[in-house]
Amino acid sequence: MSDSAAGLDDLRDLYQEVVMDRGRHPRHGARPARFDVSARGDNPMCGDRVEVFVAFDPQGAIETVGFEARGCAISIASADLMADTVTGRAPADARALFAAFREMVKTGHCPACDRAGDAAALERLQPLAGVHEYPSRVKCATLAWHALDAALDQAAEGKGVTR
Amino acid sequence: MSDSAAGLDDLRDLYQEVVMDRGRHPRHGARPARFDVSARGDNPMCGDRVEVFVAFDPQGAIETVGFEARGCAISIASADLMADTVTGRAPADARALFAAFREMVKTGHCPACDRAGDAAALERLQPLAGVHEYPSRVKCATLAWHALDAALDQAAEGKGVTR
Amino acid sequence: MNAETGRPTPDLDLDRIRADFPILAQEVRGKKLVFLDSAASAQKPRAVIDAMVTAMETQYANVHRGLHWMSERTTEAYEATRDKIAVLMNAASREEIVFTHNSTEALNLVAHSYGRGVLRPGQAVVISDMEHHSNIVPWQMLRDAHGIELRVAPITDAGELDMAAFEALFADGRVGLVAITHMSNVLGTLTPAERIVAIAHAHGAKVLFDGSQAIVHRAIDVQALGCDFYAWTGHKLYGPTGIGVLWARRELLEEMPPFLGGGDMISSVTYAKTSWAAVPHKFEAGTPAILEGIGLGAAIDYVQAIGYPAIAAHEAALVEHALARLSAVPGLTIFGRAQQRGGVVSFAMAGAHAHDVATLLDRQGIAVRAGHHCAEPLMRRLGVDSTARASFGLYTTRDEIDALAAGLEKVRSFFA
Amino acid sequence: MNAETGRPTPDLDLDRIRADFPILAQEVRGKKLVFLDSAASAQKPRAVIDAMVTAMETQYANVHRGLHWMSERTTEAYEATRDKIAVLMNAASREEIVFTHNSTEALNLVAHSYGRGVLRPGQAVVISDMEHHSNIVPWQMLRDAHGIELRVAPITDAGELDMAAFEALFADGRVGLVAITHMSNVLGTLTPAERIVAIAHAHGAKVLFDGSQAIVHRAIDVQALGCDFYAWTGHKLYGPTGIGVLWARRELLEEMPPFLGGGDMISSVTYAKTSWAAVPHKFEAGTPAILEGIGLGAAIDYVQAIGYPAIAAHEAALVEHALARLSAVPGLTIFGRAQQRGGVVSFAMAGAHAHDVATLLDRQGIAVRAGHHCAEPLMRRLGVDSTARASFGLYTTRDEIDALAAGLEKVRSFFA
Ligand SMILES: Cc1ncc(COP(=O)(O)O)c(C=O)c1O
Ligand SMILES: Cc1ncc(COP(=O)(O)O)c(C=O)c1O
């Protein structure tokens, strides 16, 4: 990417390096060979679509997350960063992180973040905080999280793939 | 009517003496014993209603006009003055007078009046010229004329009461 | 003191309020305007005018689907009004607020979507004898298209709902919906909403209030009323024309099929099958009345800043004063003497047609309405063709009512 | 010179025109606003803003039934717009002009009143593959409620109506109505209106044009087109939101049952039977969008003062320039290459999602739309989920198109 020469600095507040990178080359952007539950998120207004696959470890914590997505850089980067940050967490922790993340992308800051004790994880999600300046893009950033939430619901109800 | 003492002069531009008088005591406000055609006019927005009865002389001119009306002072006064002025006229003349009168109550003046050669008749209708300042009342002033028009249509089509 | 409640009247600063409405400084036919036609449509405060102008001058674009700054700001401002309405009516959620064109469209929406979608042929809809045409004709159309029976609850000579007769209409258990005014636009009568709801619900019927007039005069708490639908119109609540509101319980909105089809009310479209957007958007087809929604938000802010207790007390005092003054005009008949009433007074003058009365008042700068007020069946019930009607807003003064009384005296001596 | 007609281009004084639109002087995200989203909704000239403000400040009241000065003046101003529209569209009479909420309501009105009232089950309605949802969903609802068949005329790869395939749809004589866009909001294609009408009429079918986009760019003469219905929306023609227009031949309006029931659309009401007002009022229930009608009148005056020949020539030149500039951006695909087209250009950038493109342009102050543009079936036909779309108004400049091209180059190098 040729940068300041073309005067692209302005565009960096939302599309930070990591967003661009993860948007193009997601690390978790595939359907895993093994998973327990999966759920889909749709943004009918733009056609963005993501399917999230979750596998749990024997203690019930999230072991791996993968996804298949069709969408914009922000929704894919957000899905990928989500997969990074929820891995290893108990479902309840993952949901608390979603709540904090949602507040961050809606408002640009997150008073609950300290309470959530997730400072480190939110630090990694921080590149998406700029979304709050673009309210119409908040749905892009939260799409994968909504799908994760639905997948965790399924697990809680005992549904899911039988292995 | 106690007048200028109560500061009623302002009200006189529309409700001239003759309008008040004819509105209360119309001279032609009855169904005649004999008539050739009749037609109704309705103003659904206010419930005003008039039925106009027309008798023709052997030459086909309007011999007498009577009406039954329920309505405001302006519609009744207008019906009565109409009956005055169309009596003795050929139907085509009556219609020409209607056209001139309609223009007068819509605009306050009547360039066609001289052409119509009806100066004297329009002079008698002049008390209603003030209606043009109150566009919502134009329909009141023309209601009976519309009914007359419809009655003349019937006569032209050979319909009407057989005697 | 407020005569009705015995509590001290919260004072309205009428001078300041009147200064907020530019039009009130106008002259008409060379006289100071005395505007007593607010029930037909209210005047607009500067705050409403400014909100619309600011939107058009600084942040306008189409809403909802725009990804750019102007569209995002416009969407925020427009959708903020939905929140304000939810607060105003104490709705359980903002999703229960549907924007319509006016009250009439809101009532038609219910008649169409709930009427055809949920009511079954053979069921009955109850209206009253003092409805506006907008709450009669949609049910007649439903009757004729869908086999619904239309029942009319009578009113007493005082102009109140006849509650015994009302309750009797439910005896056969076939009533599915009561669609009734919350305040008559002719008589001023406020109907006993809680009792209506209690009776209807006891018989398994839903209740729709036509609140077009009531919400101008009284705080509306739909959860306290317990009703199922509530319709009103922005232009009577000091807002712009072109926007109205339907509140409905969420589960009813979910159950109802959509009304109009088009943009914004879909979730996805294929030729074979289209799926609907979530409520309330399912009922909002096409580009909404964006500027009008923004203007209505400013109107609600304005009303809320003054507060319904002060507005209701002010109007109750005006009505009391008007009834006293107009009763003293010889030959004047006043229609309706309900215990609970808002700022509307209808009357007739012996020997003078209502249209002539209205025109002669207009000549003096006094604006009242005359006619059937879109309530022909009520006119028949009252035994008249038309009435003259004076109606009050939060900016109306006692002096204006005195001017009306004096104006009527003039008309009377003119016709005497 | 105008490339299309070879005649000298009537010059628009763009500086003066832009000064008429206060919003165009705004900054967005610290950059000069470049507003290229007029097809979603156009900006409003000061004349429109002023007309609405003047109405609210000096002569506002409800219309039609008022006997006082304010109501008479408001009625005159509002109804004057009906005359202006009749002139604008060359309607045979003002009675053929029905005011609606927006295009969507106008199209629903025809689907409801003509669809259910005149079309018979088993007849077919023809739409095209490039319709806005507002001209798809009402016909699907009609199909499902009333047993109408829905037929879709295909388009060519250039984005034009496939006329042979279109004509073939009439072979079985069952088509009762063609409801088709006069200009695509995605491809910019202007459809061959006269040919469509000739084919449809030859087979006994009526024609409804969705002119929401076309009337912004071309003079519409409904008598010359020969069509039967024409729908459009005020907010795209530089007018306020909340008002739209349906033109229809008088005899069709007379034949159609009413749509919504309520005040203003009746002649008289009894519980047993209600009779309808004369056209167009039969289709206008409730308090109309009065202020919006007045604002729309000012918008029409504004457009007429500039004149369609100048507007069409200006926009044709802009489109030509835009196609040239955008074609030069590597990796950009432009959708639609119709011969006849208005000021709308849709595109996609290789390797970048349309939403990201729109946001990155917005960051530079450039407003474009991205998404399915309420035309999902067309997206499927084009083989995409969404496109980005730049659209032009009479105030759009070549510089703004250059800014778009430069902005896209930046986005490309950002994604490269
Ligand atoms: C071609 C077309 N048809 C219909 C519509 C619907 O117009 P409105 O949303 O004003 O009803 C639009 C614009 O949104 C359009 O571009
Ligand atoms: C009681 C009542 N219902 C319904 C309406 C209709 O309101 P709108 O004309 O805004 O649809 C009105 C006012 O006109 C009214 O007073």
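Residue numbers start from 1 in every chain, and the chains themselves are labelled A, B, ... in the order their sequence lines are given, proteins ahead of strands. Below, all heavy atoms of this structure are taken into account, side chains as well, without hydrogens, waters or symmetry copies.
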Taking side chain as C-beta onward, heavy atoms only, is L109(C) less than 4.5 Å from T100(C)? yes
If we define contacts as heavy-atom pairs under 4.5 Å, which of L150(D), T233(D), N135(D), T58(D) has the most with chain C? T58(D)
Atom group of V269(C) that falls short of 4.5 Å from chain D, counting heavy atoms: both
Among A272(C), G244(C), A145(C), S103(C), the residue with the most heavy-atom pairs under 4.5 Å to chain D is A272(C)
Taking atom types as modelled, is there a side-chain donor on D20(D) or Y238(D) under 3.5 Å from an acceptor on the other? no
Turns out that what part of E72(C) lies under 4.5 Å from chain D's heavy atoms comes down to side chain
Determine whether L67(C) and D362(D) make a side-chain contact, defined as any pair of heavy atoms from C-beta on separated by less than 4.5 Å. no
Which answer fits R363(D), side chain, backbone, both or neither, if we ask what part of it has an atom under 4.5 Å from a heavy atom of chain C? neither
Are R381(C) and E131(C) within salt-bridge range, i.e. N to O under 4.0 Å? no
Side chain to side chain, D385(C) and H355(C), heavy atoms closer than 4.5 Å: no
Can you say whether L24(D) sits under 4.5 Å from chain C via the side chain, the backbone, both, or neither, judging by heavy atoms? neither
Toward chain D, the part of M141(C) with a non-hydrogen atom under 4.5 Å: side chain
Note: vs chain C, highest number of non-hydrogen pairs under 4.5 angstrom among I136(D), V152(D), V53(D) is V152(D)
Can you confirm whether Q364(C) sits close enough to V28(C) that some side-chain heavy atom of one is under 4.5 Å from a side-chain heavy atom of the other? no
With a 4.5 Å cut-off on heavy-atom pairs, point out which of W69(D), F259(D), F35(D) contacts chain C the most. W69(D)
Atom pair OG (S212(C)) and NZ (K236(C)), whose distance is rounded to the nearest 0.5 Å: 6.0 Å
Counting only non-hydrogen atoms closer than 4.5 Å, does I127(C) touch chain D with its backbone (N, CA, C, O), its side chain (CB onward), both, or neither? side chain
Pair F99(D) + Y78(D): ring centers closer than 6.0 Å: yes
Can you pull out the residues in residues 284-291 of chain D with any heavy atom less than 4.5 Å from chain C? A285(D), G286(D), T287(D), P288(D), A289(D), I290(D), L291(D)
Below 4.5 Å from any heavy atom of chain C, which atoms of D356(D) appear? Answer side chain, backbone, both or neither. neither
I need the residue from S134(C), C374(C), A42(C) with the largest number of non-hydrogen atom pairs under 4.5 Å to chain D. S134(C)
List the steps, then state whether side chain to side chain donor-acceptor pair (under 3.5 Å) holds for Q43(D) with S38(D). CA-CA 7 Å; Q43(D) 298 299 345; S38(D) 290; over 6 Å; no
From the list M52(C), H132(C), M70(C), the residue making the most non-hydrogen contacts under 4.5 Å with chain D is M70(C)
Considering only heavy atoms, which portion of H112(C) lies under 4.5 Å from any heavy atom of chain D: side chain, backbone, both, or neither? side chain
Look at the rings of H133(C) and H372(C) and say which category their plane angle falls in: under 30° parallel, 30 to 60° tilted, over 60° perpendicular. tilted
Heavy-atom pairs under 4.5 Å with chain D are the metric here; pick the option from Q26(C), E376(C), E57(C) that has the most. E57(C)
R369(D)/D37(D) under salt bridge (Lys or Arg N to Asp or Glu O under 4.0 Å): CA gap, chis, key distance, verdict: CA-CA 6 Å; R369(D) 194 142 288 236; D37(D) 193 21; 2.9 Å; yes
Tell me which of these, P138(D), P377(D), G242(D), A358(D), has more heavy-atom pairs under 4.5 Å with chain C than the rest. P377(D)
Taking atom types as modelled, find out whether H373(D) and T387(D) have a side-chain donor-acceptor pair closer than 3.5 angstrom. yes
Let's test your reading of the structure: which of N108(C), V137(C), V368(C) forms the most heavy-atom pairs below 4.5 Å with chain D? N108(C)
Sort out for me which of K273(C), R143(C), M265(C) touches chain D most, counting heavy-atom pairs under 4.5 Å. R143(C)
Can N102(D) and H235(D) be counted as having a side-chain donor-acceptor contact under 3.5 angstrom? no
Side-chain touch R151(C)/W139(C), heavy atoms, less than 4.5 angstrom: no
Side chains of Q140(C) and T274(D): any donor to acceptor distance under 3.5 Å? yes
